[in-house]
Visitor: 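Just passing along the structure, written as structure tokens.
Index from 1, following the sequence.
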Amino acid sequence: MRDAGISDPKDVHYVQTKTPLLTIESVRDAESRGKHVACEVHDSMGVSNGTTALGIAVALGEVSMPRAEQICKDLDLYSSVASCSSGVELTQAQIVLLGNKAGAGGRYRIGHAVMRDALDIDGIYDSIRNAGLTLPERPRSDDLKGRVVNCFMKCEADHRGTLRGRRQIMLDDSDVHHQPPCQGRRGRRGGRRSIGDPAVFVSVDAMHQGPQGGGPVIAIVDVGE
């Protein structure tokens with residue numbers, strides 16, 4: 001925020017992070033020193049993303065400091081602007097923060113909202129409204145008139161295994177992890193259809209990023225001269 005010249009957390013609309021994951025080597029290194037790690041290698045993505053999202057939420061005043069036992073457990077705690085990713089290719093966190101700076105000028109504005117669940121297309125349009133475009137009550141992609149520059153979405157299969165009272169089977173597939181279909185079918189296609197444009201970025205593993213089963217939606221729009 002200081003680097004961007006933003007003083008009010010309410011002007012922050014998107015925080016993209018990349019954080020490390022556990023690897024076999026790092027686990028062995030810990031064990032060689034008589035230490036243990038918090039989770040298995042494949043579970044470290046959720047832990048890495050989730051703790052980072054909670055850190056963002058605390059920093060921006062969205063939630064108070066959580067207790068250790070709430071991390072990756074109490075999914076009612078979340079950030080509405082965090083999009084956290086992780087990988088084995090780095091050992092330090094990287095942070096990109098986007099917001100609206102008073103007096104900066106220019107024709108682009110950023111806004112955000114949350115999708116309450118996988119079917120909440122209204123959440124996408126709410127982020128566009130929050131960025132500064134006026135839309136009708138029931139908008140369609142034609143109403144955007146090509147003024148959406150990009151949409152960033154975070155999504156996750158609902159860990160309760162339901163969607164608006166219906167059984168959801170993504171988490172029960174023994175052959176395919178839920179992330180690819182969640183990212184591809186639900187996220188990209190749903191977003192593209194909503195805005196009528198392929199300029200959609202979707203990331204999965206949304207632990208503590210938006211409501212359970214939903215996720216943050218960030219829109220950058222062209223408000224004109």
Visitor: Return the minimal non-hydrogen interatomic distance between Ala30 and Val37, and the atom names on each side.
Guide: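 Closest approach of Ala30 to Val37, heavy atoms only: CB-CG1, 4.1 Å.
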Visitor: Could you pull out the closest heavy-atom pair between Gly224 and Arg107, with the gap in Å?
Guide: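 Nearest heavy atoms, Gly224 then Arg107: O-CB, 3.2 Å.
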Visitor: Step through the shown structure and confirm whether more than 12 heavy atoms of other residues, nucleotides or ligands are within 6.0 Å of CD on Gln92.
Guide: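 Counting other residues, nucleotides and ligands, CD of Gln92 stays at 12 neighbours or fewer.
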Visitor: If we only count heavy atoms from C-beta on, is the Ile56 to Gln209 side-chain gap below 4.5 Å?
Guide: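 Side chain of Ile56 against side chain of Gln209, heavy atoms only: no contact under 4.5 Å found.
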Visitor: Is there a side-chain contact between Leu22 and Ser48 in this structure, where contact means two heavy atoms from C-beta onward sitting under 4.5 Å apart?
Guide: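 Sidechains of Ser48 and Leu22: no contact.
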Visitor: Are any of the side-chain heavy atoms of Leu21 and Val41 separated by less than 4.5 Å?
Guide: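 Not in contact.
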Visitor: With distance as the sole test, does Asn49 use its side chain to make a donor-acceptor pair with the main-chain N or O of Ala206 at under 3.5 Å?
Guide: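 Side chain of Asn49 to backbone of Ala206, a donor-acceptor pair under 3.5 Å: no, none is there.
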Visitor: Take Arg28 and Thr23 through the test side chain to side chain contact (heavy atoms under 4.5 Å, CB included) and record every step on the way to the result.
Guide: CA-CA 9 Å; Arg28 288 176 177 171; Thr23 64; over 6 Å; no
Visitor: Heavy atoms, side chains only, cut-off 4.5 Å: are Met153 and Ile124 in contact?
Guide: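 Yes; the side chains approach each other to less than 4.5 Å.
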Visitor: Under the side-chain contact (heavy atoms from CB on, under 4.5 Å) test, which residues partner Leu135, sequence neighbours left out?
Guide: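 Here the qualifying residues are Tyr125, Ile128, Arg129, Pro139, Asp143, Leu144.
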Visitor: When rounded to the nearest 0.5 angstrom, what is the spacing between CZ in Arg109 and CG in Asp222?
Guide: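 Here the interatomic distance stands at 9.5 Å.
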Visitor: Please report the interatomic distance CD1(Ile121) to CE(Met115), rounded to the nearest 0.5 Å.
Guide: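 It comes to 7.0 Å.
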Visitor: If the threshold is 4.0 Å, N to carboxylate O, is there a salt bridge linking Lys154 and Asp205?
Guide: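 A salt bridge is absent here (no side-chain N lies under 4.0 Å from a carboxylate O).
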Visitor: Flag yes if more than 12 heavy atoms outside Glu40 fall under 6.0 Å of its CD atom; otherwise flag no.
Guide: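 Counting neighbours around CD of Glu40, 12 or fewer heavy atoms of other residues, nucleotides or ligands fall under 6.0 Å, so no.
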Visitor: Would you please test Leu60 and Met1 for side chain to side chain contact (heavy atoms under 4.5 Å, CB included) and show each step?
Guide: CA-CA 10 Å; Leu60 297 178; Met1 286 177 62; 3.8 Å; yes
Visitor: Would you say Leu133 ends up clustered with Val200 if hydrophobic residues are merged whenever their side chains have heavy atoms under 4.5 Å apart, either directly or through other cluster members?
Guide: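 Yes.
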Visitor: Spell out, yes or no, whether Phe201 and Val149 are grouped together once hydrophobic residues are joined by side-chain heavy atoms under 4.5 Å, including indirect joins.
Guide: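 Yes; Val149 is reachable from Phe201 via cluster members.
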Visitor: Same hydrophobic cluster for Met45 and Val88, using side-chain heavy-atom links shorter than 4.5 Å among ILVMFWY?
Guide: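 The answer is yes; both residues are in one hydrophobic cluster.
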Visitor: Find out whether Ile220 and Leu98 are in side-chain contact, i.e. whether some heavy atom of one side chain is under 4.5 Å from a heavy atom of the other.
Guide: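 Yes, at least one pair of side-chain atoms sits under 4.5 Å.
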Visitor: Tell me, yes or no, whether the heavy-atom count around Arg140 atom CZ, taken from other residues, nucleotides or ligands under 6.0 Å, exceeds 12.
Guide: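 No - once you tally the heavy atoms of other residues, nucleotides and ligands closer than 6.0 Å, there are 12 at most.
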Visitor: Passes side chain to side chain contact (heavy atoms under 4.5 Å, CB included), Leu75 versus Met207? Steps please.
Guide: CA-CA 7 Å; Leu75 300 184; Met207 188 72 69; 3.3 Å; yes
Visitor: Applying side chain to side chain donor-acceptor pair (under 3.5 Å), can you list everything that pairs with Asn150, at least two apart in sequence or on another chain?
Guide: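 For Asn150 there are no side chain to side chain donor-acceptor pair (under 3.5 Å) partners, ignoring immediate neighbours.
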Visitor: Can you tell me how far apart CG (Leu77) and NE2 (His208) are? Round to the nearest 0.5 Å.
Guide: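 So the gap between those two atoms works out to 6.5 Å.
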Visitor: Which heavy atom of Ala93 sits nearest to which heavy atom of Pro20, and what is that distance?
Guide: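 Scanning both residues completely, I find the closest heavy atoms to be N-CD, 4.4 Å.
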Visitor: Would Val63 and Val58 count as a side chain to side chain contact (heavy atoms under 4.5 Å, CB included) here? Give the steps.
Guide: CA-CA 5 Å; Val63 301; Val58 171; 3.9 Å; yes
Visitor: With a 4.5 Å heavy-atom cut-off, do Asp120 and Arg164 have their side chains touching?
Guide: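 A side-chain contact under 4.5 Å exists here.
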Visitor: Taking atom OG1 of Thr19 and atom CD1 of Ile95, what is their separation to the nearest 0.5 Å?
Guide: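 That separation rounds to 9.5 Å.
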Visitor: Determine the minimum heavy-atom distance between Cys84 and Ser203, stating which atoms define it.
Guide: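 Where Cys84 meets Ser203 most closely, the heavy atoms are O-OG, 4.5 Å.
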Visitor: Determine the minimum heavy-atom distance between Asp11 and His13, stating which atoms define it.
Guide: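 Where Asp11 meets His13 most closely, the heavy atoms are O-CD2, 3.3 Å.
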Visitor: Under a 3.5 Å distance rule, please check whether Asn130 uses its side chain to pair with a backbone N or O of His112 as donor and acceptor.
Guide: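 Yes.
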Visitor: Would you give the length of the straight line joining atom CG of Asp74 to atom CD of Gln212, rounded to the nearest 0.5 angstrom?
Guide: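 These two atoms lie 9.5 Å from each other.
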Visitor: Taking side chain as C-beta onward, heavy atoms only, is Val81 less than 4.5 Å from Pro216?
Guide: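 A side-chain contact under 4.5 Å is absent here.
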Visitor: Provide the closest heavy-atom pair for Ser79 versus Ala53 in the form atom of the first, atom of the second, distance.
Guide: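 For Ser79 versus Ala53, the nearest heavy atoms are CB-O, 3.8 Å.
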Visitor: Can you hop from Val114 to Val12 via hydrophobic side chains spaced under 4.5 Å?
Guide: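 Different hydrophobic clusters.
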Visitor: Taking atom CG of Leu54 and atom CD of Glu62, what is their separation to the nearest 0.5 Å?
Guide: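 The distance works out to 10.0 Å.
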Visitor: Do Val96 and Tyr14 touch side chain to side chain, with heavy atoms closer than 4.5 Å?
Guide: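 With C-beta onward as the side chain, the pair stays apart.
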